[in-house]
Peer 1: 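Provided herewith is a single structure, encoded as structure tokens, for subsequent inquiry.
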Amino acid sequence: MDLSRRVNTDPRRALPSVHRLAESLIRENTDLPRWAASEAAQRVITAAREQFDAQGADGEGEIEVPEGEEIWLDRARVLARALASAHPRRVINATGIVLHTNLGRAPLAPGAAEAAAQAAAGYTDLELDVASGRRGNRLAWVSQRLGQLTGAEAAYACNNNAAALLLALNTLARGREVVVSRGELVEIGGSFRVPEILERAGVKLVEVGSTNRTHLRDYAEAIGPDTGMLLKVHRSNFELRGFVKQVELGELVHLGASRGIPVVEDLGSGTLLDLSPHGFPPESSVPARLREGPDLVCFSGDKLLGGPQAGIVLGREEWIAAMRKNPLARALRLDKMSLAALDWTLMTLLSGRGEQELPVLRQILLPPREHEARTRAFAKRLLEEAVAAGAEVDLEVIHDRVPVGGGSLPGFELDSWAIALKSRESAQVIAGRLRDADTPVLARVRDGVVLIDLRAVDEEEVTGLFEALGTALH
Ligand SMILES: *Cc1c(COP(=O)(O)O)cnc(C)c1O
């Protein structure tokens with residue numbers, strides 16, 4: 001059946017009207033809100049008109065116009081469904097990468113999410129001292145808990161780590177020079193570049209050393225009457241190997257102390273626990289960094305810490321007090337929902353239950369044997385169901401290595417297990433279908449194979465994952 005016809009008159013007349021298309025959408029799905037149906041129909045028809053106009057503009061005059069409403073209805077249905085669902089949508093992270101910036105980094109523990117929801121849904125004593133009825137400090141509780149957990153003299157929390165660094169720079173060194181190694185002028189995710197943040201913070205960047213090597217004397221020689229800070233930035237998302245030299249935080253602290261200049265570290269990602277017994281690099285531990293003696297350390301709340309989006313600053317009381325008074329602090333402050341989730345997360349760490357209760361810690365510390373057994377059981381069930389449904393799949397449980405992700409621990413990989421899937425369709429097609437599922441599933445594709453890693457998949461998400469795989473493979 002030929003669904004196209006050739007026209008040499010105005011091809012746009014073959015298109016259904018926006019109104020008719022919207023009505024058809026609502027007729028087939030009465031739950032669809034009218035605004036979503038109208039918007040989707042409008043966009044689909046406008047895009048089609050523009051496409052015909054562009055094709056017609058070459059003067060050929062012969063354009064293929066699909067007949068009937070079906071093709072437009074198909075396009076509009078997908079769009080209307082997307083418009084009518086809440087965003088961001090829940091997705092299943094089957095990549096094995098625990099901290100995935102595109103997937104929202106750390107998932108909160110249920111208790112932390114509940115604390116955020118409670119704070120959101122009612123009034124709270126956010127900035128009130130209930131006992132006296134006077135105005136209180138919104139950060140009083142989390143600051144205390146951070147102090148208890150890390151031994152820091154003072155603590156501060158704001159919107160995210162980029163904000164924390166901005167505030168630290170602007171407070172300690174506005175209008176002055178900040179010395180940074182050329183090997184640490186990093187970009188973290190497209191929109192965060194250290195040199196640009198420094199510029200916007202109103203400080204002057206003084207680069208020292210070379211890309212691969214920076215010595216203590218490079219810093220020492222750069223110090224002048226205008227120097228306001230020595231800044232160390234964790235590379236977070238890449239490694240330097242080979243002929244490499246960088247100055248350790250402790251050495252920089254000595255230099256700063258001898259010249260009366262504050263030393264600040266942007267650690268990026270840090271945990272409040274010591275994960276080195278589990279083989280994690282020692283610099284991931286915030287308390288260990290603080291023991292090196294910097295004036296301030298800042299890091300994200302939603303990376304290895306396993307809490308909500310936040311920027312946490314720990315260090316000397318005099319600097320933290322100055323940061324609190326900076327007018328920018330108001331623009332960068334932490335909202336009540338994140339604050340509630342952060343407080344819950346810190347209390348859980350104080351109780352020694354972090355490794356059991358915080359999803360990020362649970363997932364990165366997952367014993368490989370347990371992961372393997374779970375993966376094998378899942379693969380067995382998947383294969384049985386696929387065979388019963390008559391699907392042709394080829395699957396294998398493989399040993400794998402995955403990064404922690406999210407700008408944490410570059411070069412460090414976790415021992416992992418994954419299900420490698422092949423079917424008649426290409427890996428890209430299967431991965432695309434998994435993303436199209438009711439609850440989209442994100443998987444890795446490598447060497448033409450789809451890899452499903454269950455590390456970051458919750459027990460309650462397993463059913464959704466099975467459904468998505470069942471549909472994608474048939
Ligand atoms: C991730 C990261 C940041 C940005 O943190 P956000 O919490 O996303 O604002 C800044 N610096 C370093 C070194 C990082 O790793």
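Start at 1 and go down the list; that is how both ligands and their atoms are numbered.
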Peer 1: Would you say Ser300 and ligand 1 have an N/O pair spaced under 3.5 Å apart?
Peer 2: yes
Peer 1: Just wondering, more than 12 heavy atoms not from Lys422 lying within 6.0 Å of its NZ?
Peer 2: no
Peer 1: Give me the atom names and distance for the closest heavy-atom approach of Ala329 to Met323.
Peer 2: CB-O, 3.6 Å
Peer 1: Using a cut-off of 6.0 Å, state whether more than 12 heavy atoms not belonging to Arg374 lie near its atom CZ.
Peer 2: yes
Peer 1: I'd like to check whether Ile188 has a polar contact with ligand 1, where a contact means an N/O of the residue lying under 3.5 Å from an N/O of the ligand.
Peer 2: no
Peer 1: What about Asp302: any of its N or O atoms under 3.5 Å from an N or O on ligand 1?
Peer 2: no
Peer 1: When you compare the side chains of Glu114 and Gln118, does any donor N or O come within less than 3.5 Å of an acceptor on the partner?
Peer 2: yes
Peer 1: Determine whether the side chains of Asp295 and Trp319 contain a donor N or O and an acceptor N or O closer than 3.5 Å.
Peer 2: yes
Peer 1: Heavy atoms only, cut-off 4.0 Å: how does Glu187 contact ligand 1, side chain, backbone, both, or neither?
Peer 2: neither
Peer 1: Counting both backbone and side chain atoms, is some N or O of His234 under 3.5 Å from an N or O of ligand 1?
Peer 2: no
Peer 1: Considering only protein heavy atoms, which is closest to atom 15 (O) of ligand 1, and at what distance to one decimal place?
Peer 2: Ser236 OG, 2.5 Å
Peer 1: Give the atom numbers and elements of ligand 1 that come within less than 4.0 Å of a heavy atom of Arg105.
Peer 2: 1 (C), 6 (P), 7 (O), 8 (O)
Peer 1: Between Arg401, His371, Glu372, His399, which is the residue that forms a side-chain hydrogen bond (donor to acceptor under 3.5 Å, both in side chains) with Ser416?
Peer 2: His371
Peer 1: Are Arg381 and Phe466 in a cation-pi contact, defined as NZ or CZ under 6.0 Å from the six-membered ring centre and within 45° of the axis?
Peer 2: yes
Peer 1: Look at the side chain of His215 and the backbone N and O of Arg213, then say whether any donor-acceptor pair between them is shorter than 3.5 Å.
Peer 2: no
Peer 1: Considering Asn161, Val194, Leu166 one by one, which has a heavy atom nearer to atom 4 (C) of ligand 1 than any of the others?
Peer 2: Asn161
Peer 1: Should the proximity of Lys303 to ligand 1, defined as any heavy atom under 4.0 Å, be assigned to the side chain, the backbone, both, or neither?
Peer 2: side chain
Peer 1: Pull out every atom of ligand 1 sitting under 4.0 Å from any heavy atom of Ala162, numbered as shown with elements.
Peer 2: 5 (O), 6 (P), 9 (O)
Peer 1: Using a 4.0 Å cutoff against the non-hydrogen atoms of Phe192, which atoms of ligand 1 qualify?
Peer 2: 10 (C), 11 (N)
Peer 1: Considering non-hydrogen atoms of the protein only, which is the closest contact for atom 11 (N) of ligand 1, and what is the distance?
Peer 2: Asp266 OD2, 2.6 Å
